[in-house]
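Sharing a structure with you now.
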Amino acid sequence: MWCFALVLKVVLSLLGSEMTVAQLSCPEVCSCAAGVVDCSKRSLTTASLPSSFPPYTTELHLNDNHLTALPNGLLDSLPALRLAALHGNPWSCDCSILYLRGWLLKQRNNNSIRNVSCSSPAHLRGRLLVYLSEQELLDSCRYWLCNLALASQISLFVFITVQVLLLASVILFLRRFELLTREARRTAAESFTAEDDATLSHEYATLKDRRF
């Protein structure tokens with residue numbers, strides 16, 4: 001039992017060490033040197049952005065990518081961060097960017113604040129994020145949700161229309177099949193009647209010949 005506990009402790013220690021190294025390591029898509037983490041011009045999107053950065057980061061370069069927002073809490077674990085280069089990204093000023101706006105409002109570096117401007121929606125394009133009110137962002141969210149609801153309704157209408165057309169096609173096919181079946185049965189019945197008449201005529205002629 002004592003040996004098992006010792007082995008378990010060693011394994012947990014190794015796992016803890018690996019996790020610590022992973023947290024301190026530089027993201028694969030970035031380059032790191034002396035506290036400067038450069039992830040610029042990597043064609044990063046919000047989905048492909050590293051989930052964490054080394055805690056010793058003093059400068060973080062995320063400029064000239066395809067970022068539309070930052071995940072909540074991404075920059076909160078960087079106590080030594082003095083500069084974040086965020087320009088050159090197509091920021092989407094809606095609900096998803098509320099975290100970044102809140103973080104920027106706490107910063108004293110005017111360069112970071114000036115370089116974050118909206119690319120969408122159209123009525124906010126070119127405006128600096130920090131100068132937008134929270135209500136404007138929430139209104140953009142409602143505008144986006146309205147568009148989503150409209151798209152959903154259109155998709156539902158198209159889906160129902162397709163289903164109705166398919167159902168109508170099936171009904172027409174079944175009716176056509178029923179008519180063809182009736183026609184086939186009538187033709188078969190007429191054929192059998194003609195054959196029966198011919199057989200009776202032949203038997204009658206045979207009996208008549210035998211009599212004479």
Side-chain angles (χ1 to χ4, degrees), residues 14-134 136-152 154-155:
L14 291 175
L15 290 175
S17 299
E18 290 179 358
M19 292 178 62
T20 302
V21 171
Q23 292 175 351
L24 294 175
S25 61
C26 182
E28 293 183 1
V29 295
C30 308
S31 60
C32 304
V36 178
V37 179
D38 187 3
C39 305
S40 62
K41 301 179 181 179
R42 303 297 203 278
S43 298
L44 295 175
T45 63
T46 302
S48 63
L49 189 67
S51 59
S52 62
F53 298 98
Y56 57 80
T57 302
T58 56
E59 293 186 17
L60 179 60
H61 297 270
L62 297 174
N63 54 288
D64 300 308
N65 283 298
H66 304 298
L67 303 176
T68 56
L70 293 184
N72 291 342
L74 180 66
L75 305 178
D76 296 342
S77 58
L78 306 177
L81 186 63
R82 299 193 308 269
L83 173 66
L86 302 171
H87 59 279
N89 286 292
W91 301 109
S92 179
C93 294
D94 53 27
C95 296
S96 61
I97 209 167
L98 285 172
Y99 164 73
L100 179 57
R101 175 181 175 274
W103 184 85
L104 288 173
L105 289 175
K106 300 175 185 177
Q107 307 308 305
R108 298 179 180 179
N109 191 318
N110 291 329
N111 291 327
S112 297
I113 295 175
R114 291 197 205 96
N115 289 332
V116 181
S117 59
C118 303
S119 292
S120 63
H123 67 283
L124 296 180
R125 185 175 300 144
R127 295 187 58 182
L128 294 178
L129 175 59
V130 292
Y131 294 142
L132 293 177
S133 66
E134 186 173 333
E136 286 180 295
L137 296 177
L138 293 176
D139 288 341
S140 297
C141 292
R142 282 192 285 270
Y143 175 78
W144 178 80
L145 289 174
C146 288
N147 287 341
L148 180 61
L150 179 61
S152 300
I154 293 175
S155 300

Hey, could you give me the CG/CG distance between Leu86 and Leu129, rounded to the nearest 0.5 Å?
-> 10.0 Å
Hey, does Trp103 have a side-chain heavy atom less than 4.5 Å from the side chain of Leu74?
-> no
With sequence neighbours excluded, residues passing side-chain hydrogen bond (donor to acceptor under 3.5 Å, both in side chains) with Asn65 = none
Hey, could you give me the CG/CG distance between Leu137 and Leu124, rounded to the nearest 0.5 Å?
->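 The CG atom of Leu137 sits 7.0 Å away from the CG atom of Leu124.
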Rounded to the nearest 0.5 Å, how far does OG of Ser40 lie from CG of Leu60?
-> 10.0 Å
State the OG-CG distance between Ser117 and Asn89, to the nearest 0.5 angstrom.
->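 Answer rounded to 0.5 Å: 10.0 Å.
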Within a strict 4.5 Å, meaning less than it, do heavy atoms of the Pro27 and Cys32 side chains meet?
-> yes
Could I get the full list of salt bridge (Lys or Arg N to Asp or Glu O under 4.0 Å) partners for Arg127, not counting sequence neighbours?
->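 Arg127: salt bridge (Lys or Arg N to Asp or Glu O under 4.0 Å) contacts with Glu136.
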To the nearest 0.5 Å, what is the distance between NE2 (His123) and SG (Cys118)?
->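 Reported value, rounded in 0.5 Å steps: 9.0 Å.
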Can you tell if the side chain of Asn63 reaches within under 4.5 Å of the side chain of Asn115, non-hydrogen atoms only?
->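 Counting from C-beta outward, Asn63 and Asn115 never come under 4.5 Å.
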Separation between CD1 of Ile97 and CG of Leu70, rounded to the nearest 0.5 Å |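 Separation between the atoms: 7.5 Å.
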What heavy-atom pair brings Val130 and Leu105 nearest, and what distance separates the two atoms?
-> O-CD2, 3.9 Å
Just jot down the side chain to side chain contact (heavy atoms under 4.5 Å, CB included) partners of Ser96, sequence neighbours excluded, or say none.
->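 Only Ala69, Asp94 meet the side chain to side chain contact (heavy atoms under 4.5 Å, CB included) criterion with Ser96.
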For Thr45, all residues meeting side-chain hydrogen bond (donor to acceptor under 3.5 Å, both in side chains), sequence neighbours excluded |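 For Thr45 the side-chain hydrogen bond (donor to acceptor under 3.5 Å, both in side chains) partners, ignoring immediate neighbours, are Ser48.
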Which pairs, with at least one residue in residues 60-81 and sequence neighbours excluded, count as a salt bridge (Lys or Arg N to Asp or Glu O under 4.0 Å)?
->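 Residue pairs with at least one partner in residues 60-81: there are none.
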Could I get the full list of side chain to side chain contact (heavy atoms under 4.5 Å, CB included) partners for Glu134, not counting sequence neighbours?
->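 Applying side chain to side chain contact (heavy atoms under 4.5 Å, CB included) to Glu134 gives Leu98, Arg101, Leu138.
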Residue pair Leu81, Phe53: steps toward the side-chain contact (heavy atoms from CB on, under 4.5 Å) verdict | CA-CA 11 Å; Leu81 186 63; Phe53 298 98; over 6 Å; no
Which pairs with one or both residues in residues 38-74 pass disulfide bond (SG atoms under 2.5 Å apart), sequence neighbours excluded?
->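 Counting only pairs at least two positions apart or across chains, the disulfide bond (SG atoms under 2.5 Å apart) contacts touching residues 38-74 are Cys30-Cys39.
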Mind checking what makes side chain to side chain contact (heavy atoms under 4.5 Å, CB included) contact with Thr58, not counting sequence neighbours?
-> Ala80, Arg82
Quick one: side chain to side chain contact (heavy atoms under 4.5 Å, CB included) partners of Ser77, sequence neighbours excluded?
->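 None.
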For the residue pair Ala85 and His61, what are the closest heavy atoms and their distance?
->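 Minimum heavy-atom contact is CB-ND1, 3.6 Å.
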Would you check if the side chain of Thr68 reaches a backbone N or O of Ser92 as a donor-acceptor pair within less than 3.5 Å?
-> no
Residue pairs fulfilling salt bridge (Lys or Arg N to Asp or Glu O under 4.0 Å) with at least one residue in residues 42-60, sequence neighbours excluded | none
